[in-house]
Amino acid sequence: MSDRIAAVRSYRVAPRWILVRVDTEDGLTGWGESINPKRAGAVQGALADLEANVRGRDPDRIEQLRLRMRHGGFFRGGPVLATAAAAIECALWDIRARRLNSPVHGLLGGAVREHITSYAWVGGDRPAQLSADITARLEQGYSMVKMNATAEFDHIESSAAIDAVIERVGAVREEFGSRIDVALDFHGRVHRSMARTLVRELETFRPAWIEEPLPPGHEAAYAELFGRDRTVPIATGERMSELREFLPLLEARVVDVLQPDVSLTGIAELVSIARVAEAYDVAVAPHCPNGPVSLAASLQAGACAENIVAQEQSLGLHYNRGYADMPKAEMFDYLREPAVLRPADGRLAIPPDPGLGLELDEDAIAASPSWSLKDPDWRYPDGRSAEW
C-alpha cells in the first residue's frame, strides 16, 4: 500500500506569511505557502476544508489532487481557494521530490539555467525615500528595482498629481541614469481615464515595465488604451490563478510580461503558464513579495522555463519592517541554511537540493508571533474608497 496524506497544518508567522505543512503516514513532510494575509482566517479555513478532502489520499497523485482541490466543489475559483490549493500542491511536490532525492525542477523537465535575475522593492506603498533605497539596493548588487508609481490616484487627477509622478520617476532616472533598471507598479490604482496619459508621460524614462496599469478586471481595455504601438512593456497577472485567465491577454497581444504568483497558481500551473507564454514570445516575471517557501517554489518552476526573465523576492521589503504595526521578520529567520535564498550580485541561484531545496527551522516557526492584518482602507480627500 502506498503512502497516505496524514495531516495538513498551517502557521501564521511574522511578518505576514502563512506557512503550510503536509505530513504523510510514512513520516515525510513537505511545505507550501499561502498568501492573501488580509483574509488569513478564510485561507486557513479553506486549508482545513481541503485537508478533509485530501487526507488519506496518495500524496504522489499530485495532479489528481490539484484538480480535486480546485474543481471538486460546486463553486470554483477565487484567491482564497486558489492559495490554499496551491500551498498544499507545493507541499506535495516537495514530498514527491524528496522521496526521489531530486529537486522539484528535476521532475519538471530539468533546469535550463543556473540562476535567475532578481529584483528588489524600493520606496514603500506611498513611494518615498527612493534615492536612499535605490543606493542601498545598488550596494547590495541589484541591477533592477521596482517601485510604486503613485499612491492614491483618482479617476480624474490634477495636472499637479500627474506632474508629481513624472517628477518622482524622472528624479530617479536623472540621479541613477542607466545604472539601475526600474519597473513601475501602478498596483491597480490608476483608473482607465488616467492610465493612458500616465503611461505615455512615463515612456521617456524607459521603465523595465509598467505593472497592473488598470484595476483588476479591466484587462479587456488594455488593447484600446495601450495598443500595439506601445513602447513600454505592460505587465500583469499577479491576481490570476489559472492559465485560462492569462490566455485572453496572450491572444490579444496586449501584454508583454506575465506575473503569475506560485502561491495562487501552484507549481504545475505556473510552469504551464510560462510554456504557453513562450509560444507567444511573452516574458514571465513571477510575482513573489512573499515568504521563503513561496520563493523556493517559484525558483523551482522558474528553473524550467527559458522565458522567465526576473524573479521578485521580499528581502528588505517594507512589509517586513513593521508595516501596519505587524511583527518584523525576514525570510532567513525561518531557514536553517539562509544562503540557499540569499541573492548574490542581484541573482538567485536555483536551489539544487531535494524537494524545494530548503530546510525550515521549525523551532523558529513555532516561536514566531501570530498576527492579524486589516485592510489599509485608503481614501480620497472626500472620503471615497481608493484603490490600494
Check your understanding: What are the two closest non-hydrogen atoms of Glu278 and Asn307, and how far apart are they?
Key -> N-ND2, 3.3 Å

Exercise for review: Considering only NZ, NE, NH1 and NH2 on the basic side and carboxylate oxygens on the acidic side, decide whether Arg137 and Asp133 come within less than 4.0 Å.
Suggested key: no

Exercise for review: For atom CZ of Arg173, decide whether the heavy atoms of other residues, nucleotides or ligands shown that lie under 6.0 angstrom number more than 12.
Suggested key: yes

Check your understanding: With distance as the sole criterion, is a donor-acceptor pair present between the side chains of Ser263 and Glu33 under 3.5 Å?
Key -> no

Check your understanding: Is a donor on one side and an acceptor on the other found under 3.5 Å between the side chain of Arg253 and the backbone of Glu251?
Key -> yes

Check your understanding: For the atom pair CD (Glu312) and NE2 (His287), what is the distance rounded to the nearest 0.5 Å?
Key -> 5.0 Å

**Study point:** Any side-chain donor near an acceptor of the partner, Thr236 and Glu219, under 3.5 Å
**Key:** no

Check your understanding: Which is it for Val165 and Glu201 under the side-chain contact (heavy atoms from CB on, under 4.5 Å) test, yes or no, and what are the steps along the way?
Key -> CA-CA 9 Å; Val165 176; Glu201 292 275 0; over 6 Å; no

Practice item. Say whether Val13 and Val43 are linked into one hydrophobic cluster, either directly or through other cluster members, by side-chain heavy-atom distances under 4.5 angstrom. Key: yes

Check your understanding: What do you reckon, is CD of Glu174 surrounded by more than 12 foreign heavy atoms closer than 6.0 Å?
Key -> no

Review point. Is any NZ, NE, NH1 or NH2 atom of the basic residue among Arg96 and Glu63 found under 4.0 Å from an Asp or Glu carboxylate oxygen of the other?
Key: no

Practice item. Kindly give the heavy-atom pair with the smallest separation between Glu157 and Asp154, and that separation in Å. Key: OE2-N, 2.9 Å

**Study point:** Other residues, nucleotides, ligands: >12 heavy atoms within 6.0 Å of Arg39 CZ
**Key:** no

Point to revise | Backbone N/O of Phe332 and side chain of Glu330: donor-acceptor pair under 3.5 Å | key: no

**Study point:** same_hphob_cluster(Leu358, Leu107) at 4.5 Å side-chain heavy-atom cutoff
**Key:** yes

**Study point:** Closest contact, heavy atoms only, Tyr142 versus Gln140
**Key:** CE1-OE1, 3.4 Å

Check your understanding: Between Arg189 (side chain) and Trp388 (backbone), is there a donor-acceptor pair under 3.5 Å?
Key -> yes

Review point. Got Ile95 and Ile5 here, is their nearest side-chain heavy-atom distance under 4.5 Å?
Key: no

Point to revise | Where Leu258 and Ala277 come nearest, the two heavy atoms and their spacing | key: CD1-CB, 3.8 Å

**Study point:** Flag, side chain of Tyr334 to backbone of Ala14, donor-acceptor distance under 3.5 Å
**Key:** yes

Review point. Given the rule in the side-chain contact (heavy atoms from CB on, under 4.5 Å) test, do Ser131 and Phe176 qualify, once you have shown the distances and angles that lead to the verdict?
Key: CA-CA 9 Å; Ser131 178; Phe176 296 98; 4.2 Å; yes

Point to revise | Inter-residue atom distance Asp23.CG - Leu28.CG, 0.5 Å rounding | key: 9.0 Å

Check your understanding: Closest approach of Ala364 and Asp333, non-hydrogen atoms and distance?
Key -> CB-O, 3.4 Å

Check your understanding: Got a sec: does the CD of Glu114 have more than 12 other heavy atoms crowding it under 6.0 Å?
Key -> no

Point to revise | Check: Trp17 and Asn320 side chains under 4.5 Å, non-hydrogen atoms | key: yes

Point to revise | Ring centres under 6.0 angstrom apart (Trp371, Tyr319) | key: no

**Study point:** Hydrophobic cluster identity match, Ile35 and Ile365, side-chain contacts under 4.5 Å
**Key:** no

Practice item. Assess the side chains of Gln300 and His105: does a donor N or O sit below 3.5 Å from an acceptor N or O? Key: yes

Point to revise | Within-4.5 Å side-chain heavy-atom neighbours: Asp256 and Arg230 | key: yes

Practice item. Indicate yes or no for a side-chain donor-acceptor contact from Arg168 to the backbone of Ala149 under 3.5 Å, with no hydrogens or angles considered. Key: yes

Practice item. Decide whether Val112 and Val262 are clustered together by the hydrophobic rule: side chain heavy atoms of Ile, Leu, Val, Met, Phe, Trp, Tyr closer than 4.5 Å, transitively. Key: no

Point to revise | Side chains of Thr24 and Asp3, donor plus acceptor under 3.5 Å | key: yes

Review point. Thr265 versus Leu243: any side-chain heavy-atom pair under 4.5 Å?
Key: no

Point to revise | Test item: Leu202 and Val232 side chains (from C-beta on) under 4.5 Å apart, heavy atoms | key: no

Review point. Taking side chain as C-beta onward, heavy atoms only, is Pro15 less than 4.5 Å from Tyr323?
Key: no

Point to revise | Check against ring-ring contact (aromatic ring centres under 6.0 Å, His included), Tyr119 and Trp209 | key: CA-CA 13 Å; Tyr119 65 88; Trp209 64 68; 5.7 Å; yes

Point to revise | Selection residues 50-79 - residue pairs positive for ring-ring contact (aromatic ring centres under 6.0 Å, His included), sequence neighbours left out | key: none

Practice item. For residues Ala208 and Met144, report the shortest heavy-atom separation together with the two atoms involved. Key: CB-CE, 3.7 Å

Exercise answer: donor-acceptor pairs, residues 337-357 side-chain atoms, under 3.5 Å, sequence neighbours excluded:
{"unit_1": "Glu337", "atom_1": "OE2", "unit_2": "Ala339", "atom_2": "N", "d": "3.1"}
{"unit_1": "Arg347", "atom_1": "NH1", "unit_2": "His115", "atom_2": "NE2", "d": "3.1"}

Practice item. Establish, for the pair Arg66 and Trp93, whether the NZ or CZ atom is under 6.0 angstrom from the six-membered ring centre and no further than 45 degrees off its axis. Key: no

Review point. Counting heavy atoms not belonging to Asp325, are there more than 12 under 6.0 Å from its CG?
Key: no

Practice item. For side-chain contact (heavy atoms from CB on, under 4.5 Å), just list the numbers for Glu89 and Ile267, CA-CA rounded to whole Å, side-chain angles, deciding distance to a tenth of an Å, and then say yes or no. Key: CA-CA 7 Å; Glu89 181 210 326; Ile267 291 175; 3.9 Å; yes

Point to revise | Pair Arg196-Arg200, side-chain contact (heavy atoms from CB on, under 4.5 Å): steps then yes or no | key: CA-CA 6 Å; Arg196 178 159 45 192; Arg200 287 185 175 177; 3.8 Å; yes

**Study point:** Side-chain touch Phe246/Val276, heavy atoms, less than 4.5 angstrom
**Key:** no

Exercise for review: Look up atom CD in Glu362 and atom CZ in Arg21, then write down how far apart they are to the nearest 0.5 Å.
Suggested key: 4.5 Å

Practice item. Return yes if some donor-acceptor pair links the side-chain N/O of Arg113 with the main-chain N/O of Ile308 below 3.5 Å, else return no. Key: yes

Point to revise | All side-chain hydrogen bond (donor to acceptor under 3.5 Å, both in side chains) counterparts of Asp281, not counting sequence neighbours | key: none

Check your understanding: With the 4.5 Å side-chain cut-off for hydrophobic clustering, are Val309 and Ile180 part of the same group?
Key -> no

Point to revise | Within 6.0 Å of CD in Glu203, more than 12 heavy atoms from elsewhere | key: yes

Check your understanding: Counting only heavy atoms not in Arg384, do more than 12 fall under 6.0 Å of its CZ?
Key -> yes

Point to revise | Residues Arg379, Glu152; criterion salt bridge (Lys or Arg N to Asp or Glu O under 4.0 Å); working and verdict | key: CA-CA 8 Å; Arg379 303 275 175 169; Glu152 300 92 331; over 6 Å; no

Exercise for review: Find out whether Phe186 and Val199 are in side-chain contact, i.e. whether some heavy atom of one side chain is under 4.5 Å from a heavy atom of the other.
Suggested key: yes

Check your understanding: For Arg61, does the CZ atom sit with more than 12 other heavy atoms under 6.0 Å from it, leaving out its own atoms?
Key -> no

Exercise for review: Tell me yes or no: between the side chains of Glu245 and Ser241, is some donor less than 3.5 Å from an acceptor?
Suggested key: yes

Practice item. Kindly assign one of parallel, tilted or perpendicular to the pair His155 and His191, based on the angle between their ring planes and the thresholds 30° and 60°. Key: parallel

Exercise for review: Give a yes or no answer on whether the side chain of Asp375 reaches the backbone of Asp377 with a donor-acceptor pair at less than 3.5 Å.
Suggested key: no

